[in-house]
Every structure is written in C-alpha cells, then in structure tokens.
Student: 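Encoded as structure tokens, here's the structure I'll be asking about.
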Number of protein chains: 2
Amino acid sequence: MPLKPGKAVRGSNSGRPIMVLLDALGQRWTLRIIWELRDGPHTFRLLQSRCEAVSPTVLNTRLKTLRSLNLVETTSTGYALSQQGEALLEKLSPLNKWSEDWAKTL
Amino acid sequence: MPLKPGKAVRGSNSGRPIMVLLDALGQRWTLRIIWELRDGPHTFRLLQSRCEAVSPTVLNTRLKTLRSLNLVETTSTGYALSQQGEALLEKLSPLNKWSEDWAKTL
DNA sequence: ATCGTTGCTATCTTTTTAGTAGCGAGGGGC
DNA sequence: GCCCCTCGCTACTAAAAAGATAGCAACGAT
C-alpha cells in the first residue's frame with residue numbers, strides 16, 4: 001500500500017495531494033528525517049544516529065516512502081533530499097524560527 | 001507526559017522547540033486537525049466528521065495536546081485555532097499549493 | 001418530560017512503532 | 001586469501017499508539 005497522490009490515504013479517500021502529504025508527514029519520524037537532511041546527504045547509519053537511534057525498521061520504511069514520493073533520493077554519499085524534497089524543506093524551515101517565538105508564549 | 005518546549009520529547013531530549021513541534025505535528029491527525037480548522041471553529045463532532053470519522057479517543061487526545069501547546073482553544077462555537085495556531089497555519093498553508101505541483105511530478 | 005445533540009470516556013482490537021540481533025556485501029590492509 | 005570494519009538493511013518480538021464501537025452525562029429546545 002504505497003502512499004501516492006491520487007490514491008486514498010488513511011483519513012481521506014479523496015486522493016488530494018495535500019491529504020497525501022499530511023498523511024505522510026504525520027507518520028512519526030518523517031518530518032524529522034527531512035529536517036535532518038537539511039544540511040546535506042547522510043548515510044543510513046548517520047541519519048539513524050541523528051534521529052536519536054530511531055530503529056532501522058522504521059527508518060528504512062520511511063526512506064522507502066520518501067523515495068517513492070520523490071522527496072528523498074540516494075546519492076553516492078548517502079540519502080539526500082531530492083529537488084522536491086529541498087523545495088518542501090524550504091517551506092518547512094521557517095518553522096524553526098517560528099517555533100522559538102512560539103515557545104516563548106508558553 | 002505533556003508535550004512542551006523545554007522538555008524532552010520522543011526522539012529528542014534537547015527540548016528545542018522545533019523538536020517539540022516536529023514531534024507534535026508528527027502524531028497522526030495533528031496536522032490534519034489544524035488544517036481542518038483553517039476556515040473557522042468547529043464543534044467536536046463536526047471536526048470528527050471532517051477528519052473522516054477519526055475516533056473520538058484520538059481526537060480528544062490531540063485536542064488536549066493542541067490546547068496545552070496553545071495552538072487550539074475553545075470558543076463559544078467550538079474548537080478554533082488560537083492566535084498561535086493561526087500563525088502556524090499560515091506557515092503551513094503554502095503546502096497546499098505546493099503539494100499540487102509536487103503531485104504532478106510523480 | 002422527551003428528544004436530539006453535544007463533548008467525551010471506557011473498553012477492546014488492530015496497527016504502528018520501538019528494540020535488538022545479526023546477515024550479506026563491499027572496502028582496506030596485509 | 002583472510003581479517004576486520006562499516007555499510008544498508010531484514011527478522012523477530014515487545015510495547016505503544018491508534019482505530020472502532022458503545023454509550024453516558026449535560027445541555028437546549030420543544
């Protein structure tokens with residue numbers, strides 16, 4: 001059951017891209033993996049250690065999904081964000097700054 | 001174990017706000033709930049039906065978390081994004097358009 | 001008082017995620 | 001060739017989260 005725009009996902013059978021995206025990003029570690037790839041390619045094991053020892057089972061599952069969604073690709077030096085992945089990260093990276101301001105209000 | 005900036009979350013004990021945020025948003029339905037609140041307050045049950053019958057158990061858990069994170073608040077007409085929640089949604093809403101372009105590349 | 005709707009809890013099942021061990025492939029040194 | 005190390009990754013099992021369903025107490029309108 002691969003995740004793919006146009007296909008139903010959990011919680012939405014519309015197949016609308018945003019729903020597919022929200023479903024993918026809502027799986028644990030997905031957002032984090034994209035985040036950790038922000039400064040360049042990482043090997044599987046390095047990525048694993050950056051994500052505080054996420055289990056290889058999950059990491060590999062996520063990487064498979066992210067590759068099938070064309071957000072991550074394998075390079076000679078390890079896993080890296082694809083062009084699309086970079087674009088997505090660009091949309092997400094303002095969250096870093098925002099989250100710090102947000103934290104102050106708590 | 002409430003989610004809160006400054007405190008360890010699963011996968012990061014740094015307490016950095018971005019990690020707390022990524023952890024929160026990476027829980028299933030969280031992103032979707034924020035998304036569904038984009039056009040105004042909704043009652044618990046309406047929100048539930050908008051999220052294609054998400055179980056009340058999970059919905060309530062998420063709403064509790066989102067309230068404790070100051071992203072959602074209760075109003076006379078139901079659950080609504082707080083000021084912070086609106087700000088977050090603003091950061092996320094470009095994803096809708098982006099996701100459509102992205103979907104074309106698949 | 002009855003009815004419908006609300007937010008929500010209790011209970012149980014299923015799915016997902018976590019944790020750990022270790023394999024086969026490849027590279028380097030010798 | 002052989003040893004040793006690191007690599008990506010799979011297998012297996014345990015724990016945690018999410019899903020599904022039933023239903024209760026509180027409120028408002030009739």
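Residue numbers start from 1 in every chain, and the chains themselves are labelled A, B, ... in the order their sequence lines are given, proteins ahead of strands. As a basis for the values below, the full set of heavy atoms in this structure was taken, side chains included, without hydrogen atoms, waters or symmetry mates.
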Student: Using whole Å, what does the distance between atom P of nucleotide dT6(C) and atom CG of L47(B) come to?
Tutor: 12 Å
Student: Does T65(A) reach the main-chain N or O of T61(A) with its side chain, forming a donor-acceptor pair under 3.5 Å?
Tutor: yes
Student: What do you reckon, is CD of E86(A) surrounded by more than 12 foreign heavy atoms closer than 6.0 Å?
Tutor: yes
Student: Got a donor-acceptor contact below 3.5 angstrom from the H42(B) side chain to the E36(B) backbone?
Tutor: yes
Student: dC7(D) C1' sits how many Å from L63(A) CG, rounded?
Tutor: 14 Å
Student: Kindly say if N60(B) contacts the phosphate of dT9(C), meaning a side-chain N or O under 4.0 Å from OP1 or OP2.
Tutor: yes
Student: Would you kindly give the CG-to-P distance between L59(A) and dT20(C), to the nearest whole Å?
Tutor: 16 Å
Student: In this structure, how many angstroms lie between the C1' atom of dT5(C) and the NE2 atom of H42(B), rounded?
Tutor: 18 Å
Student: In whole Å, I'd like the distance from the CZ atom of R62(B) to the P atom of dG19(D).
Tutor: 8 Å
Student: Any link between L71(A) and L106(B) through a network of hydrophobic side chains (Ile, Leu, Val, Met, Phe, Trp, Tyr) touching at under 4.5 Å?
Tutor: yes
Student: Please compare T57(B) and F44(B) by the position of their nearest nucleotide in DNA chain C and report the one closer to 5'.
Tutor: F44(B)
Student: What nucleotide, of dA18(D), dG19(C), dA10(C), holds the atom closest to the side chain of V58(B)?
Tutor: dA18(D)
Student: Side-chain donor or acceptor of T61(B) under 3.5 Å from a matching atom on the base of dA18(D)?
Tutor: no
Student: Hey, what do you get for CG (L69(B)) to CZ (R62(B)), rounding to the nearest 0.5 Å?
Tutor: 11.5 Å
Student: Specify the separation, in whole Å, of atom CD1 of I33(B) and atom P of dG7(C).
Tutor: 13 Å
Student: The side chain of Y79(A) is closest to which nucleotide in this list: dG8(D), dA18(C), dA11(D)?
Tutor: dG8(D)
Student: Separation of L66(A) atom CG from dC9(D) atom P, in whole Å?
Tutor: 13 Å
Student: Do the side chain of T43(B) and the base of dG7(C) come within less than 3.5 angstrom through a donor-acceptor pair of N or O atoms?
Tutor: no
Student: Hey, is the side chain of W29(B) poking within less than 4.0 Å of OP1 or OP2 on dA17(D), counting only N and O atoms?
Tutor: no
Student: Looking at dG7(C), I'd like to know if its phosphate oxygens (OP1 or OP2) sit under 4.0 Å from a side-chain N or O belonging to K64(B).
Tutor: no
Student: Go through dC8(C), dT17(C), dA11(D) for me and flag the one nearest to the R28(A) side chain.
Tutor: dT17(C)
Student: What nucleotide, of dC8(C), dA18(C), dG19(D), holds the atom closest to the side chain of R45(B)?
Tutor: dC8(C)
Student: Rounded to whole angstroms, how far apart are CD on Q48(A) and P on dC9(D)?
Tutor: 11 Å
Student: Tell me whether the side-chain N/O atoms of R10(B) come closer than 4.0 Å to OP1 or OP2 in dA16(D).
Tutor: no
